[in-house]
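Inspection log for the structure reproduced underneath, given as structure tokens.
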Number of protein chains: 2
Amino acid sequence: MSDIVKGMPSGHGDSYQLNTTSLIRHAARTYPEQEIVFRNRDGSWGRYTYADCYTRVQRGANLLRSLGVEAGDVVGILDWNSRRHFESYWSIPGIGAVMLQMNLRLAQEDLSYVTDHSGASVVLVDETLLPVAEALATQSSSVREWVVMTDKPLTEIKTSLPRVRHFEDLLARAEPVYDWPVIDETSTYSACYTTGTTGNPKGVYYSHRGIYLHTMAQAANLRMCGDDAAMIVTPMFHAQAWGLPQSAVYSATKIVLPGQYRAEDTSTLVDAMITEDVTVVNGAPVIFQPMLDYIKSLDSRPDFGRARLLSGSTEPALSLMRDFFELTGADIIHAYGATETGPTAAVNIGLKRSLQRKLTPGEKWDMKRSQGLPLNGIDVRIVDAEGRDLPHDGVAQGEILLRGPWIAESYRDLDDDTERFLDGYWRSGDVGTISPDGYIKLTDRLKDVIKSGGEWISSIDMENAIVGHPAVVEAAVIGVPHPKWQERPVALVVTADRSSLPIKEVHGLLADRFAKWQLPETVLYVDALPRTSVGKIDKKALRATYSEFRE
Amino acid sequence: MSDIVKGMPSGHGDSYQLNTTSLIRHAARTYPEQEIVFRNRDGSWGRYTYADCYTRVQRGANLLRSLGVEAGDVVGILDWNSRRHFESYWSIPGIGAVMLQMNLRLAQEDLSYVTDHSGASVVLVDETLLPVAEALATQSSSVREWVVMTDKPLTEIKTSLPRVRHFEDLLARAEPVYDWPVIDETSTYSACYTTGTTGNPKGVYYSHRGIYLHTMAQAANLRMCGDDAAMIVTPMFHAQAWGLPQSAVYSATKIVLPGQYRAEDTSTLVDAMITEDVTVVNGAPVIFQPMLDYIKSLDSRPDFGRARLLSGSTEPALSLMRDFFELTGADIIHAYGATETGPTAAVNIGLKRSLQRKLTPGEKWDMKRSQGLPLNGIDVRIVDAEGRDLPHDGVAQGEILLRGPWIAESYRDLDDDTERFLDGYWRSGDVGTISPDGYIKLTDRLKDVIKSGGEWISSIDMENAIVGHPAVVEAAVIGVPHPKWQERPVALVVTADRSSLPIKEVHGLLADRFAKWQLPETVLYVDALPRTSVGKIDKKALRATYSEFRE
């Protein structure tokens with residue numbers, strides 16, 4: 001990092017701390033009547049207002065204090081996208097405590113590790129997730145209080161937990177007013193653990209300041225206002241559901257909380273969009289594709305002309321984006337980020353005027369697959385294997401580095417995280433290009449990219465080109481060690497009839513996009529490709545298998 | 001202020017300093033092709049891009065360094081809304097120096113006071129304002145370098161200044177790249193002096209952090225994006241033209257800089273709106289009314305359906321807002337603030353849905369005259385004369401207090417500014433109400449409000465009601481001392497035929513809006529009301545004249 005230069009001191013409001021509490025307080029004061037709609041456990045919907053919500057948030061703060069929670073303590077929450085989860089976003093950090101986002105899909109030992117590593121002393125748990133909590137209680141040593149969130153009386157709750165408190169009973173007894181402290185803005189707001197393919201989950205601890213700035217940037221970027229209605233589909237235990245709960249409150253939009261999302265709930269999401277006039281949704285292709293399929297089955301097409309569907313995770317397919325738009329008017333907006341980036345780092349919203357004029361319709365759709373422009377406040381670099389900056393010419397591929405007020409600068413209590421940071425930038429592990437006008441386009445993961453002769457070859461681009469052949473079912477391209485070139489690409493291909501293709505035919509598929517030296521000399525035909533537990537092609541296994549391979 | 005509670009330290013990007021430089025750098029990287037359009041001195045228009053502008057900003061930074069300007073130094077600028085002024089918004093603070101906003105309309109002794117008080121050592125001056133600089137040079141002792149901004153060669157510039165440097169010559173010789181320092185975010189970005197009716201101008205010193213946060217909030221609030229075009233009409237020496245230059249850059253909008261604005265330039269503004277497809281304008285009723293009059297004279301009505309006209313200063317007349325909307329589709333948006341508030345504190349944009357359903361068309365228009373909702377981040381209170389909080393019921397009138405990350409916490413080097421601050425809030429001197437759903441409505445200035453029997457009577461409301469009488473030309477209501485009630489209202493009225501009205505008729509005008517005890521017992525008929533130098537009714541003079549008045 002550069003040295004920090006001090007100019008003349010100012011008399012501006014710099015002692016004012018950016019506290020997330022002020023976001024919900026402001027919303028409750030200026031939009032007390034705005035609605036929050038939530039799906040109950042039994043599938044029915046309820047609704048209340050920002051004013052009601054804020055009262056429950058204040059009661060929740062008093063509840064936590066009554067359990068002995070102090071500033072700096074960690075309170076975990078195990079819940080779906082419920083109103084209680086939403087309230088906890090404000091009550092827990094509001095008293096200066098840390099909200100631990102407990103990913104209920106983690107393997108039991110990982111969740112146990114996360115809980116103990118964070119030192120969570122209190123956990124709020126939805127009744128449907130009691131089995132997760134019960135398993136956790138046998139392994140985790142830090143939790144001293146379990147609080148069950150349910151609409152039933154405590155007597156109807158069966159659990160093996162040693163002692164359970166009843167959230168709603170405590171809440172009803174708590175005072176409805178809380179005198180919020182002013183919290184140092186660099187204090188932790190929440191903690192979210194990221195899981196890699198190796199090692200323990202790594203803790204990303206978000207500050208009030210970082211969350212506040214991310215919230216403002218997202219609200220500005222999505223152009224949200226009180227006339228919007230935001231539906232939170234992304235799990236709220238994933239990096240604050242990408243910050244949408246907070247930016248919705250900042251903008252005083254209506255909020256729709258669909259509870260637990262399962263594949264069979266697709267119709268519920270679409271119906272809620274129609275009923276509640278939803279205009280902002282977060283999700284991913286794996287959620288939007290079934291929604292689109294359901295919409296196609298409807299007798300009449302809904303009008304989602306105001307809707308912005310924020311799509312994280314993998315790039316949305318062109319057909320998904322186009323069909324959704326043509327059927328409903330909704331705009332699927334690809335966004336880029338990670339737990340470490342707050343999480344929104346870039347958003348592909350609203351193609352620039354200059355490009356609108358210049359591009360063909362096909363090129364415009366293609367542009368929508370890029371990861372978009374970094375949010376104002378985020379600095380982006382691409383660097384080669386030696387950490388040297390590469391040009392932003394839309395061609396040079398490098399690892400994407402990110403820096404900004406809501407980008408992680410460290411992992412919690414990790415002995416050696418230096419390899420994940422460079423000059424104050426977080427190393428994303430993503431490989432991509434940056435165009436002269438700032439668009440980020442991911443091309444690969446750093447660990448999958450093939451490093452050959454000092455240049456990088458995108459395994460993903462090559463795979464996409466090869467599967468374009470009608471006979472190919474799937475393909476993986478990996479780098480194998482090479483004495484002269486460091487690595488050379490090897491393609492592993494599964495064909496429908498298990499036959500091989502002439503090498504010229506494979507090279508023909510790649511000719512448009514790759515230089516001659518980049519073409520694989522070797523194409524191996526296999527019966528199947530290994531998969532990871534989440535269904536991705538396991539390139540790590542492939543690299544291990546073929547590490548001794550020589551052409 | 002409350003004590004600041006420290007929670008758990010975070011690993012978030014909190015060492016990242018909010019520097020305004022990153023706003024323009026980001027815009028130049030992500031929207032290099034976006035246009036900035038500017039009016040030249042000869043009335044012609046020029047245009048360049050964000051990329052070009054950013055290069056000139058970097059040259060400007062090198063230029064300043066070559067003049068010996070260091071972090072913490074003050075550089076004044078005397079200019080209209082030009083591109084050079086715009087560039088200075090980034091180059092001066094970018095090197096850690098302070099941009100002194102020199103109000104060219106100030107009385108000469110005030111401008112001299114401001115210059116010396118700030119300690120400005122370098123002044124950039126537009127050639128048309130050399131006479132102002134020349135007068136200043138005879139009085140001010142702090143300035144050591146004068147730099148003239150002109151398109152002419154230096155040899156054509158006639159001036160009595162002892163030595164003048166030529167901005168464009170220096171700029172052409174300066175390097176086009178500047179390695180920006182990271183500036184402590186609490187360092188001063190700019191200084192703007194506010195002039196009251198008494199005493200010397202008071203210095204408000206804005207921090208990088210405050211400006212950055214104001215910028216984000218305004219961009220979010222005005223829902224600006226790269227498809228917008230912002231025309232900066234408010235003078236750029238007035239509290240950063242209300243922050244629009246920065247929020248436009250944040251949103252990467254096209255920017256239109258109309259240069260010097262004179263009454264005869266009204267057609268230029270309207271024509272520029274049409275030609276450049278302008279969607280955001282800042283101004284005031286005194287600017288928008290002539291624009292409307294000019295539009296009425298046009299053969300065809302322009303379509304300003306996307307336009308938001310941000311109107312500060314006095315409340316826009318209903319007829320102005322309605323006619324502008326009905327003729328062009330443009331939305332006049334009243335905003336509230338002051339030099340001390342960054343300056344935007346509240347904006348009346350986009351009537352809430354709940355009110356859209358509830359109000360009649362007439363009531364909706366009336367709502368648009370309120371000062372709107374505070375920006376998220378701004379805390380508002382209303383207090384009585386003893387500083388006690390009053391209810392937000394839309395009825396109780398109190399002085400408006402403001403606090404937030406871009407609200408002044410002090411004046412520069414003012415021995416005793418305690419009476420202008422209360423519990424960390426800035427005292428606005430404005431009297432108003434706050435509705436249960438957060439709308440601010442100004443009713444008076446604190447110094448003009450009539451304090452009677454422990455309650456406040458709005459002089460403005462009473463004046464507005466009285467001038468509603470067809471025979472009344474103008475009216476002023478002042479408080480005169482009263483032994484029992486502290487003050488009682490006295491109305492001073494000018495009628496067209498110099499006749500008097502029966503007191504019952506006056507009370508009849510007031511009956512709807514005022515309680516019986518609030519009605520003035522005394523109405524005095526006068527030939528004329530005294531005026532201040534800027535044309536406002538001089539209530540201070542009236543109060544002095546009638547201070548001995550007894551009913």
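Sequence lines set the chain letters: A, B, ... in the order given, protein chains first and strands last, and positions in each chain run from 1.
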Closest non-hydrogen atom pair, B:Pro32 against A:Pro436: CG-O, 3.8 Å
Other residues, nucleotides, ligands: >12 heavy atoms within 6.0 Å of B:Asp393 CG: yes
N-O pairing of B:Lys352 and A:Glu35 below 4.0 Å: no
Partner residues of A:Asp331 under the salt bridge (charged side-chain N to carboxylate O under 4.0 Å, His left out) criterion, sequence neighbours left out: A:Lys368
Contacts of residues 337-348 of chain A with chain B (heavy atom under 4.5 Å): none
Part of B:Leu23 within contact of chain A (heavy atom distance under 4.5 Å): both
Winner by heavy-atom pair count (cut-off under 4.5 Å) against chain A, out of B:Ala191, B:Ala97, B:Ser410: B:Ser410
Atom of A:Ile4, atom of B:Asp184 and distance for their closest heavy-atom approach: CG2-N, 3.3 Å
Heavy-atom pairs under 4.5 Å with chain B, option from A:Asp227, A:Ile183, A:Ile407 with the top count: A:Asp227
Beyond-backbone contact of A:Glu409 with B:Ser15, side-chain heavy atoms, under 4.5 angstrom: yes
Region of B:Leu18 in contact with chain A, defined by heavy-atom distances below 4.5 Å: both
Winner by heavy-atom pair count (cut-off under 4.5 Å) against chain B, out of A:Ser354, A:Gly96, A:Ala51, A:Ser247: A:Ser354
Most chain A-contacting option - heavy-atom pairs closer than 4.5 Å, from B:Pro9, B:Ser251, B:Ala252: B:Pro9
Segment of B:Tyr439 engaging chain A (4.5 angstrom heavy-atom cut-off): neither
Leading residue by heavy atom contact count with chain A [cutoff under 4.5 Å; candidates B:Cys225, B:Ser435, B:Gly203]: B:Cys225
Working for side-chain contact (heavy atoms from CB on, under 4.5 Å), residues B:Tyr16 and A:Asp379: CA-CA 11 Å; B:Tyr16 192 94; A:Asp379 295 332; 3.0 Å; yes
Non-hydrogen atoms of B:Leu373 and A:Tyr31 that approach each other most closely: CD1-CE1, 3.5 Å
Heavy-atom pair with the smallest gap, counting every atom of B:Val5 and A:Pro181: CG2-CB, 3.6 Å
Chain A contact via B:Leu375 - which portion, at a heavy-atom distance below 4.5 Å: backbone
B:His12 side, atom NE2; A:Tyr205 side, atom OH - distance, nearest 0.5 Å: 13.5 Å
Listed partners of B:Arg308 passing salt bridge (charged side-chain N to carboxylate O under 4.0 Å, His left out), at least two apart: B:Asp228
Side chain / backbone / both / neither for B:Pro93 at chain A, heavy atoms under 4.5 Å: neither
Winner by heavy-atom pair count (cut-off under 4.5 Å) against chain A, out of B:Ala71, B:Ala28, B:Ala220: B:Ala220
Residue, of B:Gly7, B:Gly438, B:Ala408, that accumulates the most heavy atom pairs under 4.5 Å with chain A: B:Gly7
Pairing residues for B:Asn221 by the side chain to side chain donor-acceptor pair (under 3.5 Å) criterion, not counting sequence neighbours: none
Point-to-point distance, once rounded to the nearest 0.5 Å, from OG1 of B:Thr215 to CG of A:Asn376: 9.5 Å
Closest non-hydrogen atom pair, A:Ile378 against B:His26: O-CD2, 3.5 Å
Residue part contacting chain A, namely of B:Arg412, when any heavy atom lies under 4.5 Å: side chain
Pairing of A:Lys6 and B:Glu70 as salt bridge, 4.0 angstrom limit: no
Most chain A-contacting option - heavy-atom pairs closer than 4.5 Å, from B:Ala217, B:Ala27, B:Gly226: B:Ala217
Short side-chain to backbone donor-acceptor contact, A:Ser22 and B:Gly377, under 3.5 Å: no
Rounded distance [0.5 Å steps], CD in A:Glu33 versus NZ in B:Lys358: 7.0 Å
Residue B:Val74 versus chain A: region with a heavy atom under 4.5 Å: side chain
Value rounded to 0.5 Å, distance of CE in B:Met8 from CG in A:Asp73: 7.5 Å
Nearest-0.5 Å distance, CG of residue B:Asp277 to CZ of residue A:Arg353: 5.0 Å
Non-hydrogen atoms of A:Met216 and B:Leu213 that approach each other most closely: CE-O, 3.5 Å
